[in-house]
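First up is the structure itself, then whatever we jot down about it.
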Amino acid sequence: MALGNKQAQRIAADALADPDTVSIEVDSRVTASTDSDPLTAQQWGLDAVDARSVWPVSDGSGVIVAVVDTGVDAAHEDLASQVLTGVDLIGSQIRTSTADANGHGTHVAGIIAAAGNGVGGIGVAPGAKILPVRVLDEDGAGYSSDVAEGIIWAVDHGASIVNLSLGGPVASAAQHAAVQYAVERGVSVFAAAGNSGTNGVAEYPAAFSDVIAVGAVTPEDQAASFTTRGSYVDLAAPGTMILSTLPGNGYAMESGTSAAAPFAAGVAAMLFGDASFSPSSLVSLLKATARDVDAPGVDVATGNGVVCARCAIAELTGATPAAAPQATPELNAPTDPVRPTRLGALTTLRVHVGQKVTLRPPRGLTECAWSRRDAGASWRAMWDAPCRLALGKVRPRMDGVRFRVDATMDQAPVYAVVRLRVVRR
(Lines give C-alpha, C1' and ligand atoms only; values in the text may rest on other atoms or scores of the structure.)
Protein backbone atom coordinates (compact mmCIF):
# COMPACT_ATOMS: atom_id res chain seq x y z
CA MET A 1 0.00 0.00 0.00
CA ALA A 2 1.33 3.43 -0.94
CA LEU A 3 1.07 6.27 1.59
CA GLY A 4 1.67 9.06 -0.89
CA ASN A 5 2.08 9.94 -4.57
CA LYS A 6 5.89 9.63 -4.63
CA GLN A 7 5.83 6.27 -2.91
CA ALA A 8 3.14 5.10 -5.32
CA GLN A 9 5.31 6.12 -8.28
CA ARG A 10 8.29 4.15 -6.89
CA ILE A 11 6.15 1.07 -6.28
CA ALA A 12 4.71 1.32 -9.79
CA ALA A 13 8.18 1.69 -11.36
CA ASP A 14 9.51 -1.33 -9.46
CA ALA A 15 6.49 -3.40 -10.39
CA LEU A 16 6.72 -2.51 -14.06
CA ALA A 17 10.33 -3.72 -14.05
CA ASP A 18 9.14 -7.15 -12.93
CA PRO A 19 8.35 -9.34 -15.99
CA ASP A 20 5.63 -11.12 -14.02
CA THR A 21 3.58 -7.90 -13.61
CA VAL A 22 0.40 -7.99 -15.68
CA SER A 23 -0.95 -4.47 -15.01
CA ILE A 24 -0.90 -1.59 -12.55
CA GLU A 25 -3.89 0.54 -11.62
CA VAL A 26 -5.39 2.57 -8.80
CA ASP A 27 -7.24 0.21 -6.49
CA SER A 28 -10.98 0.76 -5.98
CA ARG A 29 -13.58 -0.45 -3.53
CA VAL A 30 -16.14 -3.09 -4.46
CA THR A 31 -19.24 -4.20 -2.61
CA ALA A 32 -21.49 -7.22 -2.62
CA SER A 33 -24.18 -7.15 -5.29
CA THR A 34 -27.34 -5.58 -3.89
CA ASP A 35 -29.78 -7.54 -6.02
CA SER A 36 -28.81 -11.06 -4.96
CA ASP A 37 -31.77 -11.34 -2.59
CA PRO A 38 -33.69 -14.53 -3.37
CA LEU A 39 -37.12 -12.96 -4.05
CA THR A 40 -35.98 -10.28 -6.51
CA ALA A 41 -37.07 -12.40 -9.47
CA GLN A 42 -40.64 -11.86 -8.28
CA GLN A 43 -40.22 -8.09 -8.00
CA TRP A 44 -41.14 -7.04 -11.50
CA GLY A 45 -41.53 -3.43 -10.41
CA LEU A 46 -37.79 -2.91 -9.93
CA ASP A 47 -37.19 -3.22 -13.65
CA ALA A 48 -40.39 -1.35 -14.51
CA VAL A 49 -38.96 1.78 -12.84
CA ASP A 50 -35.40 0.90 -14.00
CA ALA A 51 -34.02 1.04 -10.46
CA ARG A 52 -31.28 -1.59 -10.42
CA SER A 53 -29.11 0.17 -13.00
CA VAL A 54 -28.98 3.27 -10.79
CA TRP A 55 -27.81 1.58 -7.58
CA PRO A 56 -24.09 1.89 -8.44
CA VAL A 57 -24.67 5.66 -8.80
CA SER A 58 -27.18 6.23 -6.00
CA ASP A 59 -29.19 3.89 -3.82
CA GLY A 60 -30.80 6.53 -1.64
CA SER A 61 -28.11 6.48 1.05
CA GLY A 62 -28.52 9.30 3.56
CA VAL A 63 -32.14 9.95 2.59
CA ILE A 64 -35.00 9.63 5.09
CA VAL A 65 -38.43 8.62 3.81
CA ALA A 66 -41.35 8.91 6.20
CA VAL A 67 -43.99 6.19 5.93
CA VAL A 68 -47.15 7.73 7.40
CA ASP A 69 -49.27 4.63 7.72
CA THR A 70 -50.15 1.71 10.03
CA GLY A 71 -46.65 1.48 11.50
CA VAL A 72 -43.66 -0.61 10.41
CA ASP A 73 -42.28 -3.90 11.74
CA ALA A 74 -38.78 -2.64 12.54
CA ALA A 75 -37.64 -6.15 13.51
CA HIS A 76 -38.36 -7.65 10.09
CA GLU A 77 -35.32 -9.40 8.62
CA ASP A 78 -35.42 -7.16 5.54
CA LEU A 79 -36.02 -3.91 7.45
CA ALA A 80 -34.12 -4.27 10.73
CA SER A 81 -31.25 -2.06 9.57
CA GLN A 82 -33.48 0.36 7.68
CA VAL A 83 -35.98 1.70 10.22
CA LEU A 84 -35.41 4.74 12.43
CA THR A 85 -37.20 5.51 15.68
CA GLY A 86 -40.61 6.82 14.75
CA VAL A 87 -43.80 7.78 16.51
CA ASP A 88 -47.32 6.47 17.16
CA LEU A 89 -49.82 9.33 17.01
CA ILE A 90 -53.00 7.30 17.50
CA GLY A 91 -54.95 8.24 20.58
CA SER A 92 -54.13 10.80 23.23
CA GLN A 93 -50.73 9.40 24.21
CA ILE A 94 -47.77 9.80 21.85
CA ARG A 95 -45.54 6.71 21.80
CA THR A 96 -42.29 5.80 20.04
CA SER A 97 -43.35 2.19 19.42
CA THR A 98 -44.63 1.90 15.86
CA ALA A 99 -45.46 -1.81 15.70
CA ASP A 100 -47.64 -2.70 12.73
CA ALA A 101 -50.71 -4.76 13.61
CA ASN A 102 -52.16 -4.37 10.11
CA GLY A 103 -49.23 -4.99 7.74
CA HIS A 104 -49.97 -2.19 5.28
CA GLY A 105 -47.19 0.13 6.46
CA THR A 106 -44.63 -2.67 6.56
CA HIS A 107 -45.50 -3.60 2.97
CA VAL A 108 -45.05 0.04 1.90
CA ALA A 109 -41.74 0.34 3.76
CA GLY A 110 -40.33 -2.75 2.08
CA ILE A 111 -41.15 -1.40 -1.38
CA ILE A 112 -39.17 1.74 -0.59
CA ALA A 113 -36.14 0.46 1.27
CA ALA A 114 -35.96 -3.28 2.00
CA ALA A 115 -32.27 -4.02 2.53
CA GLY A 116 -29.99 -5.68 0.02
CA ASN A 117 -28.88 -8.21 2.60
CA GLY A 118 -29.22 -11.55 0.85
CA VAL A 119 -32.63 -12.40 2.33
CA GLY A 120 -36.14 -11.76 1.03
CA GLY A 121 -36.45 -9.01 -1.54
CA ILE A 122 -35.02 -5.53 -1.97
CA GLY A 123 -36.41 -2.02 -2.03
CA VAL A 124 -36.26 0.56 -4.78
CA ALA A 125 -33.82 2.62 -2.68
CA PRO A 126 -32.07 0.09 -0.42
CA GLY A 127 -29.76 2.72 1.03
CA ALA A 128 -32.56 4.94 2.30
CA LYS A 129 -33.91 4.94 5.85
CA ILE A 130 -37.56 4.59 6.85
CA LEU A 131 -39.10 6.93 9.44
CA PRO A 132 -42.32 5.22 10.59
CA VAL A 133 -45.22 7.43 11.62
CA ARG A 134 -48.26 5.47 12.79
CA VAL A 135 -51.56 7.23 12.10
CA LEU A 136 -53.76 4.27 11.08
CA ASP A 137 -55.01 1.54 13.41
CA GLU A 138 -54.96 -2.24 13.06
CA ASP A 139 -57.87 -2.01 10.61
CA GLY A 140 -56.01 0.48 8.42
CA ALA A 141 -58.35 3.31 9.42
CA GLY A 142 -57.67 6.65 11.07
CA TYR A 143 -58.40 10.35 11.17
CA SER A 144 -57.37 13.21 8.91
CA SER A 145 -56.12 15.13 11.94
CA ASP A 146 -53.69 12.35 12.82
CA VAL A 147 -52.43 12.21 9.24
CA ALA A 148 -51.86 15.96 9.29
CA GLU A 149 -49.98 15.72 12.57
CA GLY A 150 -47.96 12.83 11.17
CA ILE A 151 -46.84 14.82 8.13
CA ILE A 152 -45.68 17.71 10.30
CA TRP A 153 -43.91 15.37 12.74
CA ALA A 154 -42.07 13.67 9.87
CA VAL A 155 -40.92 17.02 8.45
CA ASP A 156 -39.71 18.17 11.86
CA HIS A 157 -37.75 14.94 12.36
CA GLY A 158 -35.64 14.92 9.23
CA ALA A 159 -37.71 13.39 6.44
CA SER A 160 -36.88 14.52 2.91
CA ILE A 161 -39.80 12.57 1.46
CA VAL A 162 -43.22 11.70 2.91
CA ASN A 163 -45.20 8.73 1.58
CA LEU A 164 -48.97 8.67 2.11
CA SER A 165 -50.44 5.37 0.91
CA LEU A 166 -53.82 6.38 2.25
CA GLY A 167 -56.68 8.67 1.38
CA GLY A 168 -60.37 9.38 1.23
CA PRO A 169 -62.93 11.36 -0.76
CA VAL A 170 -63.06 14.34 1.63
CA ALA A 171 -60.55 17.19 1.32
CA SER A 172 -59.18 17.95 4.78
CA ALA A 173 -58.03 21.52 5.46
CA ALA A 174 -55.71 20.23 8.19
CA GLN A 175 -54.06 17.78 5.80
CA HIS A 176 -53.67 20.46 3.16
CA ALA A 177 -52.05 22.80 5.65
CA ALA A 178 -49.67 20.01 6.71
CA VAL A 179 -48.73 19.31 3.09
CA GLN A 180 -48.03 23.01 2.55
CA TYR A 181 -45.91 23.00 5.72
CA ALA A 182 -43.87 20.17 4.23
CA VAL A 183 -43.45 21.73 0.79
CA GLU A 184 -42.44 25.09 2.23
CA ARG A 185 -39.61 23.28 4.01
CA GLY A 186 -38.42 21.42 0.93
CA VAL A 187 -40.07 18.08 1.69
CA SER A 188 -41.78 16.24 -1.18
CA VAL A 189 -45.06 14.43 -0.51
CA PHE A 190 -46.20 11.38 -2.49
CA ALA A 191 -49.68 9.88 -2.18
CA ALA A 192 -51.72 7.00 -3.60
CA ALA A 193 -54.17 8.18 -6.28
CA GLY A 194 -56.89 5.81 -5.03
CA ASN A 195 -58.41 2.42 -5.87
CA SER A 196 -61.88 3.41 -7.09
CA GLY A 197 -61.45 2.74 -10.81
CA THR A 198 -62.66 4.74 -13.77
CA ASN A 199 -65.73 6.21 -12.09
CA GLY A 200 -64.19 6.93 -8.71
CA VAL A 201 -64.10 10.38 -7.13
CA ALA A 202 -60.85 12.21 -6.44
CA GLU A 203 -58.87 10.96 -3.45
CA TYR A 204 -57.26 13.24 -0.87
CA PRO A 205 -54.52 14.04 -0.01
CA ALA A 206 -53.43 12.87 -3.50
CA ALA A 207 -55.67 15.43 -5.22
CA PHE A 208 -54.06 18.41 -3.47
CA SER A 209 -51.97 20.35 -5.97
CA ASP A 210 -48.84 20.22 -3.78
CA VAL A 211 -48.94 16.41 -3.57
CA ILE A 212 -47.41 14.06 -6.15
CA ALA A 213 -50.29 11.69 -6.94
CA VAL A 214 -49.36 8.21 -8.18
CA GLY A 215 -51.55 5.80 -10.11
CA ALA A 216 -50.94 2.08 -10.62
CA VAL A 217 -49.91 0.08 -13.68
CA THR A 218 -49.70 -3.63 -14.47
CA PRO A 219 -46.62 -5.58 -15.65
CA GLU A 220 -47.92 -4.98 -19.20
CA ASP A 221 -47.57 -1.18 -18.76
CA GLN A 222 -51.32 -0.71 -18.72
CA ALA A 223 -53.28 1.30 -16.19
CA ALA A 224 -54.58 -1.03 -13.48
CA SER A 225 -58.35 -1.40 -13.69
CA PHE A 226 -58.75 -0.29 -10.06
CA THR A 227 -56.59 2.85 -10.21
CA THR A 228 -58.62 6.04 -9.75
CA ARG A 229 -58.64 8.33 -12.77
CA GLY A 230 -58.40 12.10 -12.55
CA SER A 231 -56.58 15.17 -13.81
CA TYR A 232 -54.74 15.29 -10.48
CA VAL A 233 -52.77 12.09 -11.25
CA ASP A 234 -49.14 13.11 -11.85
CA LEU A 235 -47.30 9.83 -12.35
CA ALA A 236 -47.73 6.06 -12.36
CA ALA A 237 -45.77 3.16 -10.90
CA PRO A 238 -46.11 -0.61 -10.48
CA GLY A 239 -49.20 -1.43 -8.44
CA THR A 240 -50.38 -4.99 -9.15
CA MET A 241 -48.96 -8.19 -7.68
CA ILE A 242 -46.27 -6.28 -5.74
CA LEU A 243 -44.11 -8.44 -3.51
CA SER A 244 -42.94 -6.83 -0.28
CA THR A 245 -42.51 -7.31 3.45
CA LEU A 246 -45.18 -8.18 6.03
CA PRO A 247 -44.83 -8.25 9.84
CA GLY A 248 -43.18 -11.29 11.37
CA ASN A 249 -40.58 -11.82 8.61
CA GLY A 250 -43.39 -12.40 6.14
CA TYR A 251 -43.69 -11.53 2.45
CA ALA A 252 -46.74 -11.21 0.25
CA MET A 253 -47.96 -9.79 -3.02
CA GLU A 254 -50.52 -7.02 -2.78
CA SER A 255 -52.14 -4.68 -5.28
CA GLY A 256 -53.25 -1.08 -5.12
CA THR A 257 -52.06 2.47 -5.57
CA SER A 258 -50.81 2.09 -2.00
CA ALA A 259 -48.00 0.07 -3.59
CA ALA A 260 -47.49 2.45 -6.49
CA ALA A 261 -46.84 5.55 -4.36
CA PRO A 262 -43.83 4.04 -2.51
CA PHE A 263 -42.27 3.01 -5.84
CA ALA A 264 -42.28 6.67 -6.86
CA ALA A 265 -41.10 7.76 -3.41
CA GLY A 266 -38.25 5.25 -3.64
CA VAL A 267 -37.14 6.64 -7.00
CA ALA A 268 -37.23 10.13 -5.47
CA ALA A 269 -35.01 8.90 -2.64
CA MET A 270 -32.45 7.69 -5.19
CA LEU A 271 -32.44 11.14 -6.77
CA PHE A 272 -32.10 12.87 -3.39
CA GLY A 273 -29.12 10.63 -2.74
CA ASP A 274 -27.37 12.29 -5.69
CA ALA A 275 -28.60 15.91 -5.47
CA SER A 276 -30.84 18.33 -3.59
CA PHE A 277 -34.29 19.24 -4.86
CA SER A 278 -37.15 21.55 -4.15
CA PRO A 279 -40.50 19.73 -4.38
CA SER A 280 -41.34 21.59 -7.60
CA SER A 281 -38.03 20.75 -9.28
CA LEU A 282 -38.32 17.10 -8.22
CA VAL A 283 -41.79 16.60 -9.67
CA SER A 284 -40.75 18.43 -12.84
CA LEU A 285 -37.81 16.05 -13.28
CA LEU A 286 -39.92 12.97 -12.60
CA LYS A 287 -42.60 14.09 -15.05
CA ALA A 288 -40.11 15.03 -17.77
CA THR A 289 -38.35 11.65 -17.57
CA ALA A 290 -41.37 9.37 -17.04
CA ARG A 291 -42.07 6.59 -19.56
CA ASP A 292 -45.27 7.22 -21.45
CA VAL A 293 -47.60 4.22 -21.06
CA ASP A 294 -51.22 3.29 -21.63
CA ALA A 295 -52.97 6.15 -23.50
CA PRO A 296 -50.49 8.31 -25.49
CA GLY A 297 -49.39 11.50 -23.76
CA VAL A 298 -50.53 12.78 -20.38
CA ASP A 299 -53.70 10.96 -19.33
CA VAL A 300 -56.00 10.72 -16.33
CA ALA A 301 -54.94 7.18 -15.37
CA THR A 302 -51.14 7.32 -15.52
CA GLY A 303 -50.43 11.05 -15.61
CA ASN A 304 -47.10 11.72 -17.31
CA GLY A 305 -46.19 8.03 -17.26
CA VAL A 306 -44.24 5.51 -15.19
CA VAL A 307 -41.42 6.92 -13.07
CA CYS A 308 -38.01 5.98 -14.48
CA ALA A 309 -35.00 6.10 -12.16
CA ARG A 310 -32.39 5.61 -14.88
CA CYS A 311 -33.98 8.26 -17.10
CA ALA A 312 -34.07 10.79 -14.25
CA ILE A 313 -30.45 10.17 -13.25
CA ALA A 314 -29.39 10.51 -16.89
CA GLU A 315 -31.19 13.84 -17.15
CA LEU A 316 -29.70 14.96 -13.84
CA THR A 317 -26.07 13.98 -14.44
CA GLY A 318 -25.81 13.93 -18.21
CA ALA A 319 -24.55 10.33 -18.06
CA THR A 320 -26.77 7.32 -18.67
CA PRO A 321 -26.14 4.40 -16.28
CA ALA A 322 -25.74 1.05 -17.98
CA ALA A 323 -29.04 -0.78 -18.17
CA ALA A 324 -29.39 -3.64 -15.72
CA PRO A 325 -30.20 -7.08 -17.13
CA GLN A 326 -33.96 -7.41 -17.33
CA ALA A 327 -35.19 -10.16 -15.05
CA THR A 328 -38.03 -12.35 -16.22
CA PRO A 329 -40.76 -11.60 -13.68
CA GLU A 330 -42.14 -14.47 -11.64
CA LEU A 331 -45.54 -13.49 -10.33
CA ASN A 332 -46.10 -16.49 -8.09
CA ALA A 333 -46.57 -15.69 -4.43
CA PRO A 334 -43.53 -16.66 -2.33
CA THR A 335 -45.14 -19.61 -0.57
CA ASP A 336 -48.57 -20.14 -2.13
CA PRO A 337 -49.05 -19.35 -5.81
CA VAL A 338 -52.85 -19.18 -5.48
CA ARG A 339 -52.91 -16.84 -2.49
CA PRO A 340 -55.06 -13.81 -3.42
CA THR A 341 -53.58 -10.34 -3.24
CA ARG A 342 -55.23 -7.62 -1.19
CA LEU A 343 -56.45 -4.50 -2.97
CA GLY A 344 -55.33 -1.76 -0.61
CA ALA A 345 -56.06 -1.63 3.12
CA LEU A 346 -59.39 -2.16 4.84
CA THR A 347 -61.88 0.53 3.78
CA THR A 348 -64.29 2.04 6.29
CA LEU A 349 -67.63 3.08 4.78
CA ARG A 350 -69.69 5.59 6.78
CA VAL A 351 -73.42 4.93 6.36
CA HIS A 352 -76.59 6.23 7.99
CA VAL A 353 -79.34 4.22 9.63
CA GLY A 354 -82.09 3.60 7.07
CA GLN A 355 -79.82 4.37 4.11
CA LYS A 356 -79.92 1.93 1.19
CA VAL A 357 -76.39 0.71 0.50
CA THR A 358 -74.83 -1.15 -2.40
CA LEU A 359 -71.19 -2.18 -2.11
CA ARG A 360 -69.23 -1.45 -5.27
CA PRO A 361 -65.74 -2.94 -5.30
CA PRO A 362 -63.01 -1.71 -7.69
CA ARG A 363 -63.84 -2.04 -11.38
CA GLY A 364 -62.39 -4.91 -13.36
CA LEU A 365 -63.35 -7.65 -10.91
CA THR A 366 -64.99 -10.84 -12.16
CA GLU A 367 -66.16 -14.09 -10.54
CA CYS A 368 -67.02 -12.33 -7.28
CA ALA A 369 -67.83 -14.20 -4.07
CA TRP A 370 -68.88 -12.31 -0.93
CA SER A 371 -68.32 -13.12 2.73
CA ARG A 372 -69.54 -11.38 5.89
CA ARG A 373 -68.07 -11.13 9.38
CA ASP A 374 -70.08 -9.71 12.26
CA ALA A 375 -68.31 -8.27 15.29
CA GLY A 376 -66.81 -11.08 17.38
CA ALA A 377 -67.70 -13.73 14.79
CA SER A 378 -65.85 -15.52 12.02
CA TRP A 379 -66.23 -15.09 8.28
CA ARG A 380 -69.20 -16.82 6.66
CA ALA A 381 -70.03 -17.14 2.99
CA MET A 382 -73.01 -15.18 1.69
CA TRP A 383 -75.53 -15.96 -1.01
CA ASP A 384 -74.45 -15.94 -4.61
CA ALA A 385 -74.18 -12.33 -5.70
CA PRO A 386 -72.77 -10.23 -8.54
CA CYS A 387 -69.74 -8.06 -7.92
CA ARG A 388 -72.06 -5.27 -6.76
CA LEU A 389 -73.71 -6.31 -3.50
CA ALA A 390 -77.02 -4.72 -2.46
CA LEU A 391 -77.33 -4.67 1.34
CA GLY A 392 -80.71 -2.98 1.53
CA LYS A 393 -81.46 -0.55 4.36
CA VAL A 394 -78.80 -0.09 7.03
CA ARG A 395 -79.72 -1.10 10.57
CA PRO A 396 -77.88 -0.09 13.77
CA ARG A 397 -76.66 -3.64 14.42
CA MET A 398 -74.69 -3.52 11.16
CA ASP A 399 -72.13 -1.18 12.74
CA GLY A 400 -68.69 -2.79 12.51
CA VAL A 401 -69.76 -5.55 10.12
CA ARG A 402 -67.17 -6.37 7.49
CA PHE A 403 -67.75 -7.57 3.95
CA ARG A 404 -65.09 -9.28 1.87
CA VAL A 405 -65.21 -9.83 -1.85
CA ASP A 406 -62.97 -12.49 -3.38
CA ALA A 407 -62.67 -12.12 -7.13
CA THR A 408 -60.46 -12.34 -10.18
CA MET A 409 -58.71 -9.37 -11.73
CA ASP A 410 -56.35 -9.57 -14.69
CA GLN A 411 -56.56 -13.37 -14.35
CA ALA A 412 -55.22 -13.30 -10.78
CA PRO A 413 -57.08 -13.87 -7.48
CA VAL A 414 -57.65 -10.71 -5.43
CA TYR A 415 -59.78 -9.58 -2.49
CA ALA A 416 -60.95 -6.39 -0.82
CA VAL A 417 -62.54 -5.75 2.58
CA VAL A 418 -64.91 -2.98 3.66
CA ARG A 419 -66.16 -2.23 7.17
CA LEU A 420 -69.43 -0.44 7.84
CA ARG A 421 -69.46 2.43 10.30
CA VAL A 422 -73.12 3.17 11.06
CA VAL A 423 -73.94 6.70 12.19
CA ARG A 424 -77.29 8.21 13.16
CA ARG A 425 -78.63 11.18 11.28
Side-chain angles (χ1 to χ4, degrees), residues 65-80 82-83 86-91 93-114 120 123 130-147 149-151 154 162-168 191-192 194-195 203 205 239 242-262 265 333 339-349 362 371 373 375-376 378-379 400-406 414-421:
V65 182
V67 173
V68 181
D69 213 290
T70 62
V72 175
D73 179 8
H76 193 288
E77 62 182 3
D78 239 358
L79 293 170
Q82 309 296 85
V83 182
V87 68
D88 183 346
L89 298 176
I90 294 178
Q93 183 178 0
I94 296 177
R95 298 171 293 275
T96 57
S97 173
T98 53
D100 184 7
N102 177 279
H104 189 263
T106 300
H107 198 266
V108 167
I111 293 170
I112 297 171
I130 297 296
L131 183 65
V133 182
R134 185 170 183 255
V135 297
L136 303 179
D137 61 21
E138 61 273 11
D139 291 326
Y143 294 94
S144 294
S145 57
D146 288 338
V147 175
E149 185 180 0
I151 295 169
V162 173
N163 186 88
L164 302 171
S165 288
L166 48 80
N195 300 326
E203 289 270 331
I242 303 302
L243 176 72
S244 188
T245 46
L246 285 183
N249 292 336
Y251 300 87
M253 288 181 178
E254 297 189 1
S255 300
T257 55
S258 283
R339 176 178 176 176
T341 64
R342 181 175 61 184
L343 293 176
L346 178 144
T347 298
T348 298
L349 179 65
S371 302
R373 191 175 84 178
S378 58
W379 287 103
V401 175
R402 302 185 190 192
F403 294 89
R404 167 171 169 155
V405 57
D406 284 86
V414 298
Y415 73 96
V417 180
V418 62
R419 178 184 61 183
L420 298 188
R421 176 60 66 206

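Nothing here was measured: the structure is a model prediction, and the numbers come from that model.
E149 and Y143 are not linked by any side-chain donor-acceptor pair at a separation below 3.5 angstrom, with hydrogens and angles left out of the test. Between the side chains of D78 and T245, no donor N or O sits under 3.5 Å from an acceptor N or O. No side-chain N or O of T98 forms a donor-acceptor pair with one of D100 less than 3.5 Å apart.
At least one side-chain heavy atom of V67 sits less than 4.5 Å from a side-chain heavy atom of I112. Proximity of E254 to I242: side-chain heavy atoms (C-beta onward) are nowhere separated by under 4.5 Å. No side-chain heavy atom of F403 sits under 4.5 Å from any side-chain heavy atom of V405.
The side chain to side chain contact (heavy atoms under 4.5 Å, CB included) search around A191 returns L164, P205, A206, V211, not counting sequence neighbours.
D69 pairs in a side chain to side chain contact (heavy atoms under 4.5 Å, CB included) with only one of the listed residues (V108, V135, V147), which is V108.
Heavy atoms only, all atoms of each residue included: S258 and A192 are closest at N-CB, 3.8 Å.
With values rounded to the nearest 0.5 angstrom, R402 atom CZ is found 4.5 Å from R373 atom CZ. Taken to the nearest 0.5 Å, the CG atom of L136 stands 10.0 Å off from the OG atom of S165. Here R134 contributes atom CZ and I90 contributes atom CD1; the two are 3.5 Å apart, rounded to the nearest 0.5 Å. Here the NE2-OG distance, from H104 to S244, works out to 10.5 Å after rounding to the nearest 0.5 Å. Taken to the nearest 0.5 Å, the CG atom of L131 stands 13.5 Å off from the CD atom of Q82. With rounding to the nearest 0.5 Å, the separation of OG in S371 from OH in Y415 is 12.0 Å.
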Any chance you could lay out the side-chain hydrogen bond (donor to acceptor under 3.5 Å, both in side chains) test for N195 and T257, step after step, and finish with the verdict?
CA-CA 6 Å; N195 300 326; T257 55; 2.9 Å; yes

Applying side-chain contact (heavy atoms from CB on, under 4.5 Å), run through V72 and L79 and close with a yes or a no.
CA-CA 9 Å; V72 175; L79 293 170; 4.0 Å; yes

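Here H107 and Y251 keep their ring centres 6.0 angstrom or further from each other.
Between D139 and R419, at least one side-chain N (NZ, or NE/NH1/NH2) sits under 4.0 Å from a carboxylate O, which counts as a salt bridge.
Counting only distance, with no hydrogens or angles, the side chain of T106 and the backbone of D73 share a donor-acceptor pair below 3.5 Å. Checked by atom type and distance alone, the side chain of E138 never pairs as donor or acceptor with a backbone atom of N102 at under 3.5 Å.
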